[in-house]
Amino acid sequence: MARALLLENLHPQASTILAGSGVTPVEHGGAMDEDELVEALQGVAVLGIRSKTQVTERVLAQAPGLQAVGAFCIGTNQIDLDAAAARGVAVFNAPFSNTRSVVELAIAEIIALTRRLTVKDSTLHAGVWDKSAEGSHEVRGRTLGIVGYGNIGSQLSVVAEALGMSVVYYDTAEKLALGNARRAPDLESLLRHSDVVTLHVDGRSGNAGFFGREQLAQMREGAVFLNLSRGFVLDHDALADAVTSGHLSGAAIDVFPEEPKKRGDAFASPLRGLANVILTPHIGGSTEEAQEDIGRFVATKLRDYLRTGSTSLSVNLPAVALDRVPGTARLAHLHRNVPGVLATVNRVLAEHGVNVDGQLLTTRGAFGYAVTDVADGVTPEVVEALRAMPETVRLLVV
Ligand SMILES: NC(=O)c1ccc[n+]([C@@H]2O[C@H](COP(=O)([O-])OP(=O)(O)OC[C@H]3O[C@@H](n4cnc5c(N)ncnc54)[C@H](O)[C@@H]3O)[C@@H](O)[C@H]2O)c1
């Protein structure tokens with residue numbers, strides 16, 4: 001029976017789903033360093049981690065039985081994805097599981113900033129009864145400008161409209177407008193027309209510092225600003241000045257250019273202590289619901305890969321998801337992407353009298369992945385002949 005090594009306290013959904021598909025989960029509370037991991041991976045087919053375990057080239061080279069790695073989180077920087085692909089190890093993550101959590105935090109902050117809630121709260125905690133409507137607004141009827149209309153931005157658009165906000169968005173890519181949202185012709189136009197501006201752009205390097213003094217100055221007097229995307233996209237000193245001068249009436253920031261490494265570490269920012277500025281420690285996606293969804297999503301991807309060879313949504317292998325022809329065996333062949341490989345696979349099968357019932361090939365960069373369903377005839381000789389092809393990276397029979 002295949003074994004799965006699950007590190008870093010994954011959600012129980014992970015071991016339940018893997019155990020239900022015939023994999024024996026072995027759990028370990030914390031992360032492991034390189035040497036510990038090399039030792040622990042002997043005889044392991046599946047590795048489950050979060051962000052702290054580094055899956056290096058050396059680890060992968062010494063784990064010949066490893067077939068798949070599940071990153072039970074969003075990022076995959078902790079894994080050498082190219083080295084994993086070169087050894088036929090599929091890597092999966094959970095790109096959408098915390099989308100709703102980020103959207104709900106953004107909505108909470110839009111309302112809190114527009115009502116100056118944290119100011120009222122801290123004043124009353126200080127023992128002062130400041131009952132007044134001055135500077136407090138409903139969000140209904142106000143314009144929300146969403147910069148970056150991807151998974152999070154577009155879902156925020158739907159929820160904000162349900163609250164009666166008028167939504168305008170700007171994205172560098174062509175995006176379908178949901179509901180009554182309108183596309184802004186350019187960023188400046190969005191900034192000049194929005195009461196609330198919120199950033200949901202991705203972390204491409206070209207976005208470094210793209211929102212600075214010039215963009216803040218283009219925002220409406222008294223508008224509020226949110227960033228729950230990436231810390232390095234925003235000039236934090238410029239934002240502090242825009243709030244201190246009164247040009248903006250508030251801001252909510254969840255992500256920072258330099259974030260402390262661990263819980264309890266000190267935090268420095270020019271935004272600390274400013275009125276009507278909400279600071280949160282990168283918790284946009286941190287909810288118990290998101291954790292559960294991550295556990296379910298990634299474990300299901302790993303299970304499907306082991307059962308069917310499906311690489312749908314893999315972050316490092318060509319994506320193939322082929323409906324299984326009933327009653328067939330499946331040959332999942334990862335190979336170097338050079339001309340003629342599929343022809344050679346089919347020639348080997350034909351020479352051994354094996355008929356192909358279904359087949360799909362996809363390529364991604366240096367690799368190709370061919371999934372072939374055959375009714376019978378998958379003998380050890382056939383498997384050996386396919387494995388012996390010089391282009392073969394890995395062959396799974398599932
Ligand atoms: N705060 C958190 O805890 C948390 C949690 C999850 C995701 N995030 C971050 O939120 C951001 C959005 O996530 P997503 O899943 O919606 O990503 P996504 O890739 O689905 O969407 C990003 C969108 O931004 C657009 N874009 C990129 N650069 C742009 C620019 N300069 N101007 C306008 N549009 C631009 C892209 O075309 C894309 O449509 C990411 O940076 C992600 O890392 C933060």
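Predicted, not measured: the structure shown is a model, and the values here were computed from it. Whatever order the structure lists them in is the order used to number ligands and atoms, beginning at 1. For the single chain, residues carry numbers from 1 onward in sequence order.
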- [ ] For His282 and Glu259, test the side chains for any donor-to-acceptor distance below 3.5 angstrom and give the result as yes or no.
- [x] yes
TODO: Using the side-chain hydrogen bond (donor to acceptor under 3.5 Å, both in side chains) rule, collect all pairs that involve residues 1-10, keeping only residues at least two apart or in two chains.
DONE: Glu8-Thr53
What does the N/O contact table under 3.5 Å look like for ligand 1?
residue, atom, partner, partner atom, Å
ligand 1, 1 (N), Leu228, O, 3.1
ligand 1, 1 (N), Asp254, OD2, 2.8
ligand 1, 3 (O), Gly284, N, 3.3
ligand 1, 3 (O), Gly285, N, 3.0
ligand 1, 15 (O), Asn151, ND2, 3.4
ligand 1, 16 (O), Asn151, N, 3.2
ligand 1, 16 (O), Ile152, N, 2.8
ligand 1, 20 (O), Asn151, N, 2.9
ligand 1, 20 (O), Asn151, ND2, 3.1
ligand 1, 28 (N), Asn207, ND2, 2.9
ligand 1, 31 (N), Asn207, OD1, 2.9
ligand 1, 34 (N), Thr172, N, 3.3
ligand 1, 37 (O), Asp171, OD1, 2.6
ligand 1, 39 (O), Asp171, OD1, 3.4
ligand 1, 39 (O), Asp171, OD2, 2.6
ligand 1, 39 (O), Lys175, NZ, 3.3
ligand 1, 41 (O), Val201, O, 2.7
ligand 1, 41 (O), Arg230, NE, 3.4
ligand 1, 43 (O), Arg230, NE, 2.8
ligand 1, 43 (O), Arg230, NH2, 3.4

TODO: Quick one: sort the His236 and Phe256 rings into parallel, tilted or perpendicular, breaks at 30° and 60°.
DONE: tilted
Contacts under 3.5 angstrom, residues 339-357 side chains, donor-acceptor by atom type, not counting sequence neighbours:
residue, atom, partner, partner atom, Å
Thr344, OG1, Gly340, O, 2.9
Asn346, OD1, Gln359, NE2, 2.9
Asn346, ND2, Gln359, OE1, 3.2
Arg347, NH1, Glu351, OE2, 3.0
His352, ND1, Val348, O, 2.8
Asp357, OD2, Ala375, N, 2.8

Open item on the list: Using only atom types and a distance under 3.5 Å, with no angle test, would you say the side chain of Asn98 pairs donor to acceptor with the backbone of Ser101?
Closed with: no
- [ ] Apply side chain to side chain donor-acceptor pair (under 3.5 Å) to Glu57 and list each qualifying residue two or more places apart in sequence or on a separate chain.
- [x] Arg87
